[in-house]
There are 2 protein chains.
Amino acid sequence: MESRPVSQAVEDYVKAICLLEQQEGKATTKALAVALDVAAPSVTAMIKRLHAMRLVRHTRYRGVALTPSGRRMALEVIRHHRLLELYLVEALGLPWDQVHEEAERLEHVISEELEERIAERLGHPVADPHGDPIPTKGGEVDQSAYLPLSELNPGTAAVIKRVADQAPAKLRYLGDLGLFPEVRVTLLEKAPFGGPMSLEVGETRCTLGGDLARQIYVLPVESL
Amino acid sequence: MESRPVSQAVEDYVKAICLLEQQEGKATTKALAVALDVAAPSVTAMIKRLHAMRLVRHTRYRGVALTPSGRRMALEVIRHHRLLELYLVEALGLPWDQVHEEAERLEHVISEELEERIAERLGHPVADPHGDPIPTKGGEVDQSAYLPLSELNPGTAAVIKRVADQAPAKLRYLGDLGLFPEVRVTLLEKAPFGGPMSLEVGETRCTLGGDLARQIYVLPVESL
DNA sequence: GTTTATATTTAGATTAATCTAAAAAGAAAT
DNA sequence: ATTTCTTTTTAGATTAATCTAAATATAAAC
């Protein structure tokens, strides 16, 4: 059940594959090459190694899919990454736009004990500073914990939990609209293709661009 | 003045060379092989690379010495290591006997910004949990900041600052003798070759084995 | 259904870091 | 001053991860 220690490169690949599977539905050689900033033949070579380690299945010219143990490894790394991002922001006050690259390096070297202490200090959080869910130790990803406002169904009420990439200018703008964390909003209508959406905030209404709506994370009130 | 990013292995070697220079006076191929747990020819090969990077000077069959830039790099890594050890103990409550290996990995990947935040949170400490001095950002090592009790001159008074490797059993034993941090002790006499030493603690006296005395760090009162 | 473009893979080379086995240099012992 | 032992170095091989250039397969366009 215990897996042997593995190189940083291998962890980077399985993580990238996992994220691509979630975001794009599939992980191709090209997409991996772009995501990891390496040449395509490097990806092909690594895929061969990952396959030998039983971390991925591969169909020639068709891309890769994680095996259960590959997914377990990937989610472990992602958990490290997101916990670290949150910890660096909350506990050490690092600027929000700098924690990603820091976590990118730290995620590969922290022990399970350190991971546990960090999770403890943070109160076992379910989402990172960007609103992305933090997988549990068991590898469960609570996608519904926080939802981008852009994914909310019209007519549904929700509570704002977090604003991704909290640039001061953006925060000020959202503040003017009354869109703070813990504020309850109701989605009135939504344009197709990620266009603008109408919101009810308290007793007033406002319209929000799709790009902004995608960066505001909410908890639907039913699930409270 | 800025040096290019360097591999973890290179950092491990310059760190080991620096520590060996301090502890043994010189860094030989064999000593490095033992310290880093690699074969002797691996050390020879790496020395060649370190020399090409102008991090060490090398005289065949005579061992290596750090250049100024090599020492700068080594002290930077050691600073990271000792700050991290202290942070993991103080801020995250990791067990004292586990922080070394954790810091061993983290020391290579933290940014200067993170280093700075950690130092800040700790109040810019001068020694790690083992009593070893933390080099400053400028590369100065305040060897006198904390002194092992075993190195204190007879007749001198000092204040206990820290006990290395704080195993519960040892702490209880020292507690029974009244040897707590901030307690003032006076060294009465010391046996040669690291043998037992007689101490005055408040109004009582006690005798301490040389091995224990080497793990109690003090600040001579003159320098307060 | 060819042609064209793009994605993927093979082939071959490179670099860092390591190893073992054997040769050479230095230090210690008689 | 030899001999012996230890340390250091050379020689040669290995592994992981990468690259470029060229070949091949799939997908898109006409």
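Per chain, numbering begins at 1; letters A, B, ... match sequence-line order.
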Q) What is the distance, rounded to the nearest whole Å, between atom CD of A:Gln8 and atom P of D:dT15? A) 22 Å
Q: Measure the distance from CE on B:Met53 to C1' on C:dT15 and round it to the nearest whole Å.
A: 12 Å
Q. Do B:Val64 and B:Leu50 touch side chain to side chain, with heavy atoms closer than 4.5 Å?
A. no
**Q.** Candidate pair A:Val38 and A:Leu32, rule side-chain contact (heavy atoms from CB on, under 4.5 Å), full reasoning
**A.** CA-CA 8 Å; A:Val38 295; A:Leu32 281 167; over 6 Å; no
Q. Taking the side chain from B:Arg105 and the backbone from A:Val109, do they hold a donor-acceptor pair closer than 3.5 Å?
A. yes
Q.
I need the CD1-P distance between B:Ile47 and D:dT7, as an integer number of Å.
A. 15 Å
(Q) So A:Ala40, base contact, sugar-phosphate only, or nothing? Heavy-atom distance under 4.0 Å. (A) base
Q) Within less than 4.0 Å of OP1 or OP2 of C:dT9, is there a side-chain N or O belonging to A:His58? A) yes
Q. Rounded to the nearest Å, what distance is computed from the CG atom of residue B:Leu32 to the P atom of nucleotide D:dT7?
A. 13 Å
Q. Closer than 4.0 Å, any side-chain N/O of B:Thr29 to the OP1 or OP2 of D:dT9?
A. yes
Q.
Measuring from the side chain of A:Tyr13 (C-beta onward, heavy atoms only), which nucleotide among C:dT18, D:dA17, D:dT18 has the closest atom?
A. D:dT18
Q) Considering only side-chain heavy atoms of A:Pro41, which listed nucleotide, C:dT18, C:dT10, D:dT8, is closest? A) C:dT10
Q: Take the protein atom CG of A:Leu36 and the nucleotide atom C1' of D:dA16, then report the distance between them rounded to whole Å.
A: 16 Å
Q | B:Tyr61, nearest nucleotide to its side chain (from D:dA17, C:dT18, C:dA25) | A | C:dA25
**Q.** Phosphate OP1/OP2 of C:dT10 contacted by A:Arg60 side-chain N/O (<4.0 Å)
**A.** yes
Q. Hey, does A:Ala39 reach any base, or is it just sugar-phosphate, or nothing, if we go heavy atoms under 4.0 Å?
A. base
Q) Could you give the NE2-to-P distance, from A:His51 to C:dT9, as a whole number of Å? A) 12 Å
(Q) Check whether B:Thr67 reaches the backbone of B:Arg54 with its side chain - one donor and one acceptor, N or O, closer than 3.5 Å. (A) yes
Q | Separation of A:His124 NE2 from A:Leu83 CG (nearest 0.5 Å) | A | 9.5 Å
Q | 5' precedence on DNA chain D between B:Thr44 and A:Ala9 (nearest-nucleotide basis) | A | B:Thr44
Q: Figure out the NE2/C1' separation between B:His108 and C:dA17, and round it to whole Å.
A: 15 Å
(Q) If I take atom CE in residue B:Met46 and atom P in nucleotide C:dA17, what distance separates them, rounded to the nearest angstrom? (A) 4 Å
Q) Does A:Lys48 put a side-chain nitrogen or oxygen below 4.0 Å from OP1 or OP2 of C:dT10? A) yes
Q) Is any side-chain nitrogen or oxygen of A:Ser7 closer than 4.0 Å to OP1 or OP2 of D:dA17? A) yes
Q.
With a cut-off of less than 4.0 Å, is there a side-chain N or O of A:Arg62 near OP1 or OP2 of D:dA27?
A. yes
Q: Could you tell me if the ring centre of A:His100 sits under 6.0 Å from that of A:His81?
A: yes
Q: State whether B:Ser42 places a side-chain N or O below 4.0 Å from either non-bridging phosphate oxygen (OP1 or OP2) of C:dT18.
A: no
